[in-house]
Amino acid sequence: MTQWTPLHVKLHRTLRQRGLLSPGDRILIAVSGGQDSLCLAQLLLDLQPKWNWHLAIAHCDHQWRSDSTPNAKYVETLTNQWQLPFFLQTAGTEVPHTEAGAREWRYHALSATAQREGYTTLVTGHTLSDRAETLLFNLIRGTGADGLQALSWDRQLTPNLRLVRPLLEVSRQETGRFCQQREITIWEDATNLDITYSRNRIRQELLPYLTQQFNPGVEQHLAQTAELLRADVEYLETQAGELLEQAKSQSEPIVKGEFTQMTQRINRRILETAPLALQRRALRQLLQQQLPKAPNYEQVEKMTALIQAPNKTQTDPFPGGATARVEGDWIILSPERR
């Protein structure tokens, strides 16, 4: 076995302490050809004899760049050298040229591959640096603690597939050094240099500026903040869910064609006994269940105001046409009436 470096030791310890992976797991590694995913693949391959994993490599080709096909060929060649199974997903013309659209397509393609081939864990090379960038990106767009703690260690993608990010305590500088030491050729993605993408501008301009002008350890500190917020958000969401269940009762369903929509009755006297943070989260959870897309800050505040509003107060329609009104001790959230 290859001699372990400090990075091997760090990853091995992280996996054991956090319970992210188990011996014998069937693991699909998402590899773009960049330094982070190549570093992760090599580390897992080196640790494989100790953990007895069943490893495979998956690559997603967006076909945005002229060199995307050679990139895919390079990852396939490297995978063959590692003697691992290789799976390629190539995008069609329907994938939008946006960060969000590409990310959604990648996760869908990777999940489909994993489930088809019988892999129960999908791992990606997101790092401490990605976590810091994501925190800044969401902060600039406007978000609460939920957005600031994005990029969790693991989450369930489907009932049979977990997403794991093992490198969230490893910086991009560390993955670069590892690839250099192991003489792993990195396939540079030209789109990562395009500062018209907000994340690239944060990576290339904002974080270096903050590092030089304010705090050399800014990436580490931002990532630690995200980790602390993750635990806080998890606890608050659980408490808010319990509060919502206490305050909620359902009326008779309103049937419209083949769909059944429910009018929700929420006891505002129960809600008003809780701290404001839980009131907001409980009502946001309610709106998430009822609206066609996730509610924004203004929509949650509009609902929260009804807890203390006069009787018969009513909101203007939410997206999808639902409205909320006050009836005595109750907040009534009704679907669109047609």
Side-chain angles (χ1 to χ4, degrees), residues 98-101 104 134-152 155-156 198 225-226 228-338:
T98 64
E99 294 174 274
E104 183 178 350
T134 301
L135 186 150
L136 287 173
F137 178 74
N138 288 337
L139 180 63
I140 291 167
R141 290 194 310 164
T143 185
D146 294 38
L148 298 182
Q149 59 88 48
L151 289 187
S152 58
R155 65 184 174 93
Q156 208 69 32
S198 299
T225 298
L228 292 171
L229 286 169
R230 184 194 64 82
D232 292 348
V233 166
E234 186 176 293
Y235 172 75
L236 289 171
E237 280 295 291
T238 300
Q239 294 299 306
E242 293 176 1
L243 174 65
L244 180 60
E245 289 306 310
Q246 292 173 17
K248 185 167 66 174
S249 72
Q250 293 183 338
S251 67
E252 292 299 314
I254 299 173
V255 180
K256 298 183 177 182
E258 58 186 85
F259 299 101
T260 300
Q261 294 176 288
M262 304 296 291
T263 294
Q264 297 284 354
R265 304 176 70 243
I266 309 300
N267 191 312
R268 60 180 183 151
R269 301 308 173 203
I270 292 177
L271 292 178
E272 69 182 0
T273 64
L276 178 59
L278 292 183
Q279 294 176 6
R280 284 172 168 155
R281 286 182 176 275
L283 290 172
R284 188 184 64 183
Q285 289 181 15
L286 176 68
L287 290 174
Q288 286 173 333
Q289 296 168 9
Q290 298 294 308
L291 302 186
K293 63 179 183 178
N296 59 29
Y297 171 82
E298 289 77 13
Q299 290 158 359
V300 174
E301 288 301 286
K302 187 163 56 175
M303 280 291 288
T304 306
L306 295 181
I307 296 174
Q308 301 295 339
N311 193 33
K312 303 301 182 182
T313 301
Q314 180 168 316
T315 67
D316 53 349
F318 292 98
T323 57
R325 66 186 185 279
V326 176
E327 290 188 5
D329 292 343
W330 299 89
I331 297 172
I332 313 296
L333 181 63
S334 302
E336 179 185 13
R337 296 183 180 278
R338 294 181 180 175

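- Of all heavy-atom pairs between P295 and Q288, the closest is CD-CG, 3.5 Å.
- Around CD of E104, the count of heavy atoms belonging to other residues, nucleotides or ligands within 6.0 Å does not exceed 12.
- Using a 4.5 Å heavy-atom cutoff, the side chains of M303 and I331 are in contact.
- Among the candidates E272, R265, R269, the single residue satisfying the side chain to side chain contact (heavy atoms under 4.5 Å, CB included) test with D329 is R269.
- Closest non-hydrogen pair, A240 versus L278, comes out as N-CD2, 3.9 Å.
- In this structure, the side chains of V233 and R281 come closer than 4.5 Å at one or more pairs of heavy atoms.
- When all heavy atoms are compared, the tightest approach of F318 to T323 is CD1-CA, 4.3 Å.
- A donor-acceptor contact shorter than 3.5 Å is absent between the side chain of R280 and the backbone of V300.
- Rounded to the nearest 0.5 Å, atoms CG (N267) and OG1 (T273) are 9.0 Å apart.
- Within a 6.0 Å sphere centred on CD of E242, heavy atoms belonging to other residues, nucleotides or ligands number more than 12.
- The structure places CZ of R284 at 10.0 Å from CG of L287, a figure rounded to the nearest 0.5 Å.
- With hydrogens and angles ignored, the 3.5 Å screen pairs no side-chain donor or acceptor of Q246 with any backbone N or O of L243.
- Between S198 and F137, the shortest heavy-atom distance links the atoms CB-CE1, 3.5 Å.
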Problem set entry | L244 vs Q289, side-chain contact (heavy atoms from CB on, under 4.5 Å): CA-CA, chis, key distance, verdict | CA-CA 12 Å; L244 180 60; Q289 296 168 9; 3.8 Å; yes
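- Here the shortest heavy-atom pairing between L283 and L271 reads CD2-CD1, 3.9 Å.
- Put simply, the residue from Q290, Q314, Q264, R325 that forms a side chain to side chain donor-acceptor pair (under 3.5 Å) with S334 is R325.
- Scanning both residues, P292 and P319, for their nearest heavy atoms gives CD-O, 3.2 Å.
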Problem set entry | Evaluation steps, side-chain contact (heavy atoms from CB on, under 4.5 Å), between T315 and Q299 | CA-CA 10 Å; T315 67; Q299 290 158 359; over 6 Å; no
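- In terms of modelled atom types and a separation under 3.5 Å, the side chain of Q279 and the main chain of A274 share a donor-acceptor contact.
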Problem set entry | Stepwise side-chain contact (heavy atoms from CB on, under 4.5 Å) test for L135 and L151 | CA-CA 9 Å; L135 186 150; L151 289 187; over 6 Å; no
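- Taking the charged nitrogens against the carboxylate oxygens, R230 and E234 do have a contact shorter than 4.0 Å, which makes a salt bridge.
- From T313, atom OG1 reaches atom CG of L306 across 7.0 Å, with rounding to the nearest 0.5 Å.
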